[in-house]
Trainee: 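Structure in structure tokens, see below.
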Amino acid sequence: MSELDDRIRRSLARQAGSLREPPDLDGLTDRITRRDRRRIRGLSVALVLALVAGPALWFVTGRGDDEPSADVASGAAGDRVTVDDPSTPLPTVVLGESGSGSMLASIESSVEVAGGLPYPWFTGPLAKAFVRNVDDTTIRVYRAAVDPPSAAGPPWWEPPPECFPTGYVQADVSTGDVVGIVSGALYAELPDAPVGGSIGAIGVAEGSPLWVVVAQAPAEAAVVRATFPDGHVDEMEPIDGVAVLVGPASIDPEDPADYEANVPLEAFDADGGSLGGGTARSDAYFLAGLPGPSLPAQNPQCFGPQELPPPGEEQPADPAAARAEIEQLFGVRYADMTDDDRLARLDDTTGMREVYEQLVNTSFREQVLGSRTVFHDLVFLSATRAAVWYETEIPGYPPQAFDRQFGEVVLVEGSWKLARESVCRDVQLAGITCPTVP
Amino acid sequence: MQEGRPPERLRDVRDVVPLEEAAVESTPLPVDSSKPTFADFYRATFPEMTRLAFLPTGSAETSRDLVQDSFVRLHDKWHGVAEPRAYLRRTVVNACHAHHRRLRVQRRHTSTSQVGIVDLGAEEMTDAIAALPYRQRAAIVLRFWHGSSEAEIASALGCRPGTVGSLIHRALAELRKVMP
């Protein structure tokens, strides 16, 4: 052992010995419980990401022809932009057409991706939006509309608009040396800035790295400008509120930190007046190929309240009797009921027999058959409607995994029934989507 | 680590750690008859892992946080992990690396130099080790404090064994420069 080795050992031992951190098993248990809850709440994120991420698989399908079907010159800052026929409706990503199987399965199998984020896949079409040529770079942009998931929180809660994407953008970027894809989500409303977006890098492995920003701009924006880390500025006139901007990058493939960047954005009106700034961010979502300025996992506001709402002014004539009747709707193991039993408990049975048939034909048959709901509490929102807190016990899942479920029951022709919408939220746990009621 | 570590270190640590039996009994953590319970494993390895995290990060608070998160990840895989100690060691080292990357990004985007200041003290060798690039620092900690073999260090750092030799060689060369 050299003297240097010995000095290193002594120094490290001294430092290590100075630390006195006792185990905190209660704290650990709390963390595990919180993680489990987040994971389950992450179901809603999974649904969103299923919608947002999946089109990448079908991007080739979405591309279809190489050339746009209708060209409109719409360039800015010296580049050339050709826009697809704006009258062509965007394909809408519809829940339940994902083909991704169960979201629960996706959550369980993909939790390691992106530091714990679920990462299911969705298959669906994309529509061509526009092609932008700037210098030797060609940017083909594709879009889809996204229906927010209905399982995002209690039925009486309306999520803030920044919580769930309403659109998906995919940019296929190619230069003479590299090709790559960067995607971004669009929101009904950005949370804290008039312009925002996500940033990704392509061409790193090839040694020709390029930053690509997918930006969302306000409708009145005539120009969106991005200032990249090296000072390079790119700008374009947004097409239907979307701009895709590129700039040179300096990225060491061996250093993951280099893949992260926050790029300032600014939007301008037709007169050159600033509409305000924002930031294109890269984050864990981006590293998984999933963009978004304010995805639910990062924003507690997007999970909804975890408690019952205040009672309404009107109450049933006999609240105790109503409560007792409602409690009878819960507590029975799924396998101990027939489909007729289940249908009799619903306020609206439209399409639900088929849903129940599908439920026991998924890979989660055993979990479904062994599941049971347990009533906890309720408040009457009116004389004919109540909000219920219950838990769903599912074999193989920790007790606390589904212990704060919320739904509604309604009074129909003198009998309390489970609201179809609430039941449909639950069956989404097994990857089944109820048909839309006309 | 069990393989290469002097047993006194673990014994010392256990002696100073109060064990809250009530907390152990109330925890819903899983039980596997083929291994120690997760709770027992946690109690036995937590001090060692916090020190493993403390040496490269330099912050007691950060190391506790990273190690708790690492145990949460291990809890997920408890029944499927054959070598939980090795798995945990790698998870902790990875968590420290991720923490280091976050600090680097923060430093790039903040004008002050307050981010990432360590509370290691003013000891010369400590400062010199703290100034090493993260992977070199982690390799030095694993090699000289933890007593890990080259293969174990490679596993923990997610690199080839040959790279470990290179990391340690470069780290020692750097330390020789500043520690005459």
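All chains are named by letter (A, B, ...) in the order of the sequence lines, taking the proteins before the strands, and each is independently numbered beginning at 1.
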Trainee: Taking atom CD1 of I168(B) and atom CG of D5(A), what is their separation to the nearest 0.5 Å?
Mentor: 9.5 Å

Trainee: Distance check, rounded to the nearest 0.5 Å: I129(B) atom CD1 versus L12(A) atom CG?
Mentor: 4.0 Å

Trainee: Flag yes if more than 12 heavy atoms outside R14(A) fall under 6.0 Å of its CZ atom; otherwise flag no.
Mentor: yes

Trainee: Within the supplied structure, the quantity of interest is the number of heavy atoms (other residues, nucleotides, ligands) at a distance under 6.0 Å from H169(B) NE2; does it exceed 12?
Mentor: no

Trainee: Can you check whether L19(A)'s main-chain N or O pairs, donor with acceptor, with R51(B)'s side chain at less than 3.5 Å?
Mentor: yes

Trainee: Please determine whether side chain to side chain contact (heavy atoms under 4.5 Å, CB included) holds for the pair R143(B) and R9(A), giving the CA-CA distance in whole Å, both sets of side-chain angles, and the decisive distance to 0.1 Å.
Mentor: CA-CA 9 Å; R143(B) 173 75 178 84; R9(A) 281 196 173 86; 3.5 Å; yes

Trainee: Check whether any side-chain N or O of Q15(A) sits under 3.5 Å from a backbone N or O of F54(B) as a donor-acceptor pair, and report yes or no.
Mentor: no

Trainee: What are the two closest heavy atoms between F46(B) and P22(A), and how far apart are they?
Mentor: CE2-O, 3.2 Å

Trainee: Measure D65(B) against the heavy atoms of chain A and call it side chain, backbone, both or neither at under 4.5 Å.
Mentor: both

Trainee: Determine the minimum heavy-atom distance between Y42(B) and D24(A), stating which atoms define it.
Mentor: OH-N, 2.8 Å

Trainee: Counting heavy-atom pairs under 4.5 Å with chain A, which one of V141(B), V67(B), D69(B) comes out on top?
Mentor: D69(B)

Trainee: Enter the distance from D6(A):CG to M125(B):CE here, rounded to the nearest 0.5 Å.
Mentor: 9.5 Å

Trainee: For the OG atom of S11(A) and the CZ atom of F144(B), what is their distance to the nearest 0.5 Å?
Mentor: 12.0 Å

Trainee: Starting at CD of E21(A), measure out to CZ of R64(B) and round the result to the nearest 0.5 Å.
Mentor: 4.5 Å

Trainee: Once you round to the nearest 0.5 Å, how far does NE2 of H75(B) lie from CG of L28(A)?
Mentor: 7.5 Å

